[in-house]
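Here's the structure, in structure tokens; my notes come after.
Only heavy atoms go into these numbers, but all of them, side chains included; no hydrogens, no water, no symmetry mates.
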Amino acid sequence: MGRNKFEKQLKEQLQKREIKPSKAAWDRISQQLEDSGKAKSIPFRWYGIAAGFIGILFVAVLYFTRDETTSIPETEITNSKMDAVPVTTNPEMNEVEKAKANPVVVESQVQEEKSIPNTSKGNANKRMEDALASSKAEETKMEKVVVRFNTSEALIETKIAEVVAQVEQLETENSTVTDAEIDSLLRGAQRQILKDKIFRSDKSVDAMALLADVENEIDRSFRDQIFDALKDGFLKIRTAVADRNQ
Amino acid sequence: MKIIPFYKTEKQLIKKSASGNRDAQRRLYEKYAPKMLGVCRRYIKDLHFAEDVMVSGFVKVFKNLKAFRHEGSFEGWIRQIMVRESISHLRKNQFVVYDETVMEQAHPQTPMDSFDWDTEHIQSLIDSLPDGYRAVFVLHAIEGYKHQEIAEMLDISESTSKSQLFKARRVLQEKLKQQNRIGYGTE
């Protein structure tokens, strides 16, 4: 009982007890509340800045990619216009024909590539003729749109004749002609045609043909590259061995 | 001249404080700060540390004011936050609660009669207790928490809480004996 009375008295007196805090206490509370409020608002602000930045980036990317895509047709249009002018003024100039002749040859090549796996070796000549005939058909379609000129046609015709002769020669020599051989012959002929077109009759240079020629030189086959690398390696080893033996 | 209070009821004051109104928060603080500093001081001997704990307690009060549902008394809610804040301060400073055997049957033999000490004297008596004893004694004898609740708050077993209380009482009894002897001139 004594203990309970004692503790009850302690409790009463302590619960009544009040201590006045220092004046700085409220300022500290207020400061801490403001700091926590700022800490909350800062991430949102940063999110806003980040979102804005991403938005600007997105718009910039869109703008530039759009600019690129639109610029390509524009150049095509100007080319066609430039090409169209000589057609009307001077029928001797064959710029339009040349510009159009390139896709024809490429298309014929694609058709060749498609047809090669399906045919047997014995029918190589027939295939060649079919392929060339189909390329000719394409050419006739183009004729409806473009004015054709005898000079380039004659060039293509002579090349076709050359290729056919080469194939026949190969057939007589080896009795069989592989698809790869025909393919390489056609490609060679195509390159030759393009090369011949670089210099025009009026001694000017055809930009498109020149570009195609340069690209051909750049696009070396994988085999060539491997051979070159092997050659380099071999030469290095040879010099190293020679140096060591001295 | 009659002063008309801006906020008619405490509920309005709490509502305004919860919405971040600094003036309302200050009024609430001024009303409860002295009592709450008294609460913190019971657990923490140093007044400056006690005030630090009270400050962080009030920051928590204002941050979590929206969670107050007006179901119990507001003062009780703040007091609870202050007690928990004081305990966490003690725990941060690694106060030790020795897990010893229970001696709840052994009641103090010396009767603790009524006294006429002032509050400062009582506080100094409680301050003389080791941290662990003092926390359990104040929580149980002054705040009225049960041993189970104390065990949860201090992360100790219930039996430890009981033994700590017993020891705190015994120390207080010894102190009282000494005070009485000095008071009656027996020493």
Side-chain angles (χ1 to χ4, degrees), chain A residues 1-70, chain B residues 17 20 22-23 25-30 32-42 47-48 50-52 54-63 79 107-123 125-126 137-138 140-144 165 168-170 172-173 176:
Chain A
M1 287 297 283
R3 188 187 72 197
N4 286 342
K5 201 176 175 184
F6 167 74
E7 281 178 15
K8 202 180 171 185
Q9 256 185 308
L10 271 184
K11 191 178 176 178
E12 278 171 8
Q13 275 194 275
L14 283 176
Q15 281 190 339
K16 270 189 247 164
R17 192 185 187 199
E18 289 186 1
I19 306 167
K20 206 179 172 188
S22 68
K23 284 178 184 174
W26 166 250
D27 296 334
R28 282 161 66 198
I29 293 168
S30 177
Q31 188 62 44
Q32 282 186 36
L33 287 171
E34 270 173 32
D35 288 348
S36 66
K38 276 179 191 171
K40 271 185 185 174
S41 64
I42 284 168
F44 285 113
R45 195 184 299 161
W46 280 108
Y47 284 138
I49 290 165
F53 184 72
I54 289 164
I56 289 164
L57 203 73
F58 184 70
V59 168
V61 166
L62 260 183
Y63 178 76
F64 284 114
T65 50
R66 207 172 154 189
D67 214 34
E68 277 173 19
T69 50
T70 51
Chain B
S17 300
R22 200 66 84 229
D23 183 54
Q25 285 174 346
R26 191 185 174 115
R27 280 163 191 266
L28 271 183
Y29 165 80
E30 280 169 355
Y32 291 107
K35 275 185 191 173
M36 295 309 139
L37 187 54
V39 170
C40 295
R41 177 66 183 83
R42 282 175 218 160
L47 183 63
H48 296 289
E51 194 177 277
D52 287 347
M54 182 207 70
V55 165
S56 62
F58 266 107
V59 171
K60 279 190 182 169
V61 165
F62 291 128
K63 277 185 184 172
R79 186 186 290 269
H107 291 295
Q109 298 301 311
T110 314
M112 292 190 282
D113 298 324
S114 60
F115 53 88
D116 52 358
W117 295 342
D118 61 3
T119 315
E120 281 304 317
H121 203 145
I122 294 166
Q123 185 65 61
L125 197 66
I126 290 169
F137 181 79
V138 174
H140 184 82
I142 314 296
E143 309 287 353
L165 181 69
R169 280 173 175 157
R170 199 172 61 182
L172 281 175
Q173 182 191 341
L176 270 173

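- With a 4.5 angstrom heavy-atom cutoff, Q25(B) touches chain A via backbone and side-chain atoms both.
- Counting heavy-atom pairs closer than 4.5 Å to chain A, the top-ranked of the candidates L47(B), D52(B), V39(B) is D52(B).
- The salt bridge (Lys or Arg N to Asp or Glu O under 4.0 Å) test applied to R22(B) returns no partner, not counting sequence neighbours.
- Side chains of Y32(B) and V61(B) form no contact here, defined as non-hydrogen atoms less than 4.5 Å apart.
- Note: E51(B) leads M54(B), K63(B), K35(B), E51(B) in heavy-atom pairs under 4.5 Å with chain A.
- Among residues two or more places apart in sequence or in another chain, the salt bridge (Lys or Arg N to Asp or Glu O under 4.0 Å) test is passed with R17(A) by E120(B).
- In terms of non-hydrogen atom pairs under 4.5 Å with chain B, the most contact-rich of E12(A), K11(A), K20(A) is K11(A).
- Salt-bridge check for R26(B) with E30(B): passed, with a basic side-chain N closer than 4.0 Å to an acidic carboxylate O.
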